[in-house]
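In each ligand, atom 1 is the first atom listed, and ligand 1 is the first ligand listed. Quick note: numbers below take in every heavy atom, side chains included, and nothing from hydrogens, waters or symmetry partners.
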Amino acid sequence: MAHGPILLLAALFLVACGSRPNYDPLDDYEPVYGTMILDAPTPVEIAAENREALSRGEYLVELLGCGACHTDGALIGEPDMERPLAGSGIGIAYTNPLEHRYPGVVYAPNITPDDETGIGRWSDQQIMNAIRAGLGRHGEHRILVMPWQGYAQISNDDAFAIVGYLRNIKPVRNRVPEDVPVGTMAGSPYVHFGIYRSRGQLFD
Ligand code: HEC
């Protein structure tokens with residue numbers, strides 16, 4: 001019984017914290033070093049007849065910065081180069097932290113040729129659609145965050161070179177966390193991308 005008031009106070013304190021009226025996003029975020037462009041891994045088997053296309057693919061994947069998001073840890077400057085392009089356990093939030101306490105978050109998936117957790121079972125067309133048109137695996141939504149608009153003009157030859165290259169790197173079994181809808185607390189860490197424009201109210 002004697003613990004009653006203490007428990008009540010503790011509960012009130014928790015409620016008060018949970019519904020802090022003045023949520024300050026700065027309490028939840030810390031600055032980290034930004035993304036890095038990474039060496040693309042070398043293909044595992046290179047038959048003489050496709051050596052040229054594969055090295056073109058490797059060159060493009062490196063140049064287009066796929067590893068900056070699809071390699072775990074790269075988003076915070078600590079890339080896991082044992083598992084390049086095998087997906088990121090660190091997500092990317094795509095909503096404004098000032099607007100939503102719990103932002104929507106996507107985790108760049110595994111794009112190694114693993115059958116279960118990567119793109120092993122995707123058709124060439126599906127992979128190319130993801131890169132050039134931002135179509136998700138079932139084609140029903142636009143991929144968020146990935147700069148596919150910037151990849152839309154990649155030629156067919158280059159797109160095939162990228163696909164061929166991805167099929168010939170080491171498959172890694174690694175499932176990334178599920179995407180997190182806006183308003184839900186993410187169970188894995190994430191970074192914020194994006195620039196939020198002031199609407200000018202501050203200066204009225
Ligand atoms: C800025 C980060 C970023 C960069 C750079 C990036 N991606 Fe992505 N990519 C993502 C995210 C995040 C998703 C999943 C997003 C979603 O489903 O909305 C994704 C999805 C994909 C998918 C679909 C895979 C799946 O399982 O759904 C493929 C294929 C893909 N990316 C390939 C590439 C390639 C190839 C490059 C380089 C040419 C690249 N990406 C560059 C972030 C990135």
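For Tyr59, the OH atom is loosely surrounded, since the number of other residues' heavy atoms within 6.0 Å does not exceed 12. Atom CD of Gln149 sits in a crowded spot, with more than 12 heavy atoms from other residues, nucleotides or ligands closer than 6.0 Å. Residue-environment remark: OH (Tyr94) exceeds the threshold of 12 foreign heavy atoms within 6.0 Å. Under a cut-off of 6.0 angstrom, the local environment of CZ in Arg175 is sparse, with at most 12 non-hydrogen atoms contributed by other residues, nucleotides or ligands.
Nearest-heavy-atom check against atom 11 (C) of ligand 1 across Gly104, Ala108, Ala130 picks out Ala108. In the candidate list Tyr94, Tyr107, Trp122, Trp122 is nearest to atom 25 (C) of ligand 1, counting heavy atoms.
For Glu62, the side chain to side chain contact (heavy atoms under 4.5 Å, CB included) criterion is met by Asp39, Ala40, not counting sequence neighbours.
Ligand 1 places these atoms under 4.0 Å from at least one heavy atom of Pro147: 1 (C), 3 (C), 4 (C), 5 (C). Residue Phe193 approaches ligand 1 through these ligand atoms, each under 4.0 Å from one of its heavy atoms: 1 (C). Using a 4.0 Å cut-off to heavy atoms of Leu64, the atoms of ligand 1 that qualify are 38 (C). Short contacts between ligand 1 and Cys69, defined as distances under 4.0 Å to a heavy atom of the residue, involve ligand atoms 1 (C), 2 (C), 3 (C), 4 (C), 5 (C), 42 (C), 43 (C).
Within the structure, ligand 1 lacks Trp148 among the residues with a heavy atom less than 4.0 angstrom away. Residue contact check for ligand 1: Val106 places a non-hydrogen atom closer than 4.0 Å to it. Ligand 1 is approached by Gly65 to a heavy-atom distance shorter than 4.0 Å.
Of the options Thr117, Thr112, Leu85, a side chain to side chain contact (heavy atoms under 4.5 Å, CB included) to Val172 is made by Thr112 and by none of the others.
In Cys66, the parts holding a heavy atom less than 4.0 Å from any atom of ligand 1 are both the side chain and the backbone.
Ile127 and Val44 fall into different hydrophobic clusters, defined by Ile, Leu, Val, Met, Phe, Trp and Tyr side-chain heavy atoms under 4.5 Å apart, directly or through other members.
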